[in-house]
Number of protein chains: 2
Amino acid sequence: MSLPHAILTALLERPSAGLDLTRRFDRSIGYFWSASHQQIYRELGKLEAEGFIRALPAAQPTRGQKKSYEVLPAGRAELERWTAAAQDPKPHRDTLLLRLRAAAVVGTEGLEADLRRHLDLHRRQLAEYEDIEKRDFPPGNDSAQARLQHLVLRAGIELETFWTQWLTEALEEFAGLPDS
Amino acid sequence: MSLPHAILTALLERPSAGLDLTRRFDRSIGYFWSASHQQIYRELGKLEAEGFIRALPAAQPTRGQKKSYEVLPAGRAELERWTAAAQDPKPHRDTLLLRLRAAAVVGTEGLEADLRRHLDLHRRQLAEYEDIEKRDFPPGNDSAQARLQHLVLRAGIELETFWTQWLTEALEEFAGLPDS
DNA sequence: GCCGGCATGTAAGGAGTTACATGATTCG
DNA sequence: CGAATCATGTAACTCCTTACATGCCGGC
């Protein structure tokens, strides 16, 4: 039940059409809540039916035509409610850790190459986050909104830092293993 | 496509029946790949139909009776294949970060209490991991299998450490915020 | 005018969750 | 024997993914 709220947040930040939202999910909100355009269109339809958002008047109802949405007061209220509500953390699912555990049983043959690839991907992601930090959060801006957004970005930076360190350590471990 | 491989790994570590597996998923494998008993039974049926596992001979075919499984050579081969295959990391989904981003737009009212609760949950999980580390990985055991398992556990420890630190930082940030 | 890209969708299926159902075993 | 618990399942639903379909729009 989080996708509709992710969309409400994005639309409050700026009214947008479906593909705009999709692109923003690829870049920013999608770093911690990804969504495909199919999901987004379906959810926009639901949110409109529930009275949480509405299409901006400029939009025609034909198919291939751009259709932008804005959040209605009921939608903002729902987002406030959801943000404040207690929620249990969802259990993590991590394929790579699972594969390492499998490797402890069936051997590490072939796994090292993919660990290197993941390490590279995490390094790139970390570099991207650090660029965003330099660009969007120069020292001195301490508005409440900026501080919260920066906090979220720092979580991303620290998580990617963790993964690069851990993968480096894992690869060192592999180097010292009896060959599989 | 990871649940069947999680089950194969667990069954290779020790042949088990459905509920045994469910309990082990609650304690150990489930720390990074959770599954309910319904999922597990469904998947055991599929794996048996595919010839990857078989019921141990002792088992009767009646309903409420215990039925243990073991991995067949084809199952082991499939697990080896899957472990070595290149896989892209799945995008993360984190509700808490999403809520923080929403709070940057609609205000932080009511969120702080749940952050404290999450901090407490992560501290407990961290303590549990550290207990496991003390119990199962005393210094000196450096078999290949133990080193890989320890590596996985350290990932859990470091992730929980990150979350406790980040949440602490977030709560400090909240304390300095203009009240919402 | 048509072709490639933009924009909005539909359909089918997989994976996970929630609620419920049924048979066996154990213990008082 | 009756109730609680163990153990194995079914059914319905939601969410997400993958593949495909359709209409508009600008440039050549």
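Reminder, nothing fancy here: chain letters follow the sequence lines and each chain counts from 1.
Listed pair A:Y41 / C:dG9 fails the phosphate criterion, with no side-chain N or O lying under 4.0 Å from OP1 or OP2. Phosphate proximity of D:dC15 to A:K46: present, with a side-chain N or O under 4.0 Å from OP1 or OP2. Note on A:Q39: a side-chain N or O is less than 4.0 Å away from OP1 or OP2 of D:dT17. B:R42 has no side-chain polar atom (N or O) that falls below the 4.0 Å cut-off from OP1 or OP2 of C:dA15. Using a 4.0 Å cut-off, some side-chain N or O of B:R93 falls inside it from OP1 or OP2 of D:dC16.
One atom, CG of B:L44, and another, C1' of D:dT10, lie 16 Å apart when rounded to the nearest Å. When rounded to the nearest whole Å, the span between CD of B:Q38 and P of C:dA19 equals 11 Å. The CD1 atom of A:I40 sits 12 Å away from the C1' atom of C:dT8 (whole-angstrom rounding). Put simply, CD on B:E43 is 11 Å from C1' on C:dG14, counting in whole angstrom units. Spacing between atom NE2 of B:H5 and atom C1' of C:dA15 amounts to 14 Å, rounded to whole angstrom units. The distance between atom NE2 of B:H92 and atom C1' of D:dC16, rounded to the nearest whole Å, is 17 Å. One can place NE2 of A:H37 at 15 Å from P of D:dC16, the figure rounded to the nearest angstrom. One can place CG of B:L21 at 15 Å from C1' of D:dC6, the figure rounded to the nearest angstrom.
Here B:F137 and B:H150 bring their ring centres to under 6.0 angstrom of each other.
Taking a cutoff of 4.0 Å between a charged side-chain nitrogen and a carboxylate oxygen, A:R23 and A:D26 do not qualify as a salt bridge. Using a cut-off of 4.0 Å between Lys/Arg side-chain N and Asp/Glu carboxylate O, B:R135 and B:D131 are scored as not salt-bridged. One finds no salt bridge joining A:R14 and A:D20 here, because no Lys/Arg side-chain nitrogen approaches an Asp/Glu carboxylate oxygen to under 4.0 Å.
In this structure, the nucleotide among C:dT10, C:dT17, D:dC6 sitting nearest to the side chain of B:L19 is D:dC6. When the nucleotides D:dT8, C:dA7, D:dA7 are ranked by their closest atom to the side chain of A:R23, C:dA7 comes out on top. Of all nucleotides listed (D:dC15, D:dC16, D:dC20), D:dC16 comes nearest to the side chain of A:L3. Side-chain proximity of A:K67 to the nucleotides C:dT8, D:dG9, C:dA15 is greatest for C:dT8.
Between A:D20 and A:K90, the one whose closest nucleotide on DNA chain C sits nearer the 5' end is A:D20.
Here B:A35 lies out of heavy-atom contact (under 4.0 Å) with every strand.
Heavy-atom minimum distance, A:L8 versus A:G75: CD1-O, 3.7 Å.
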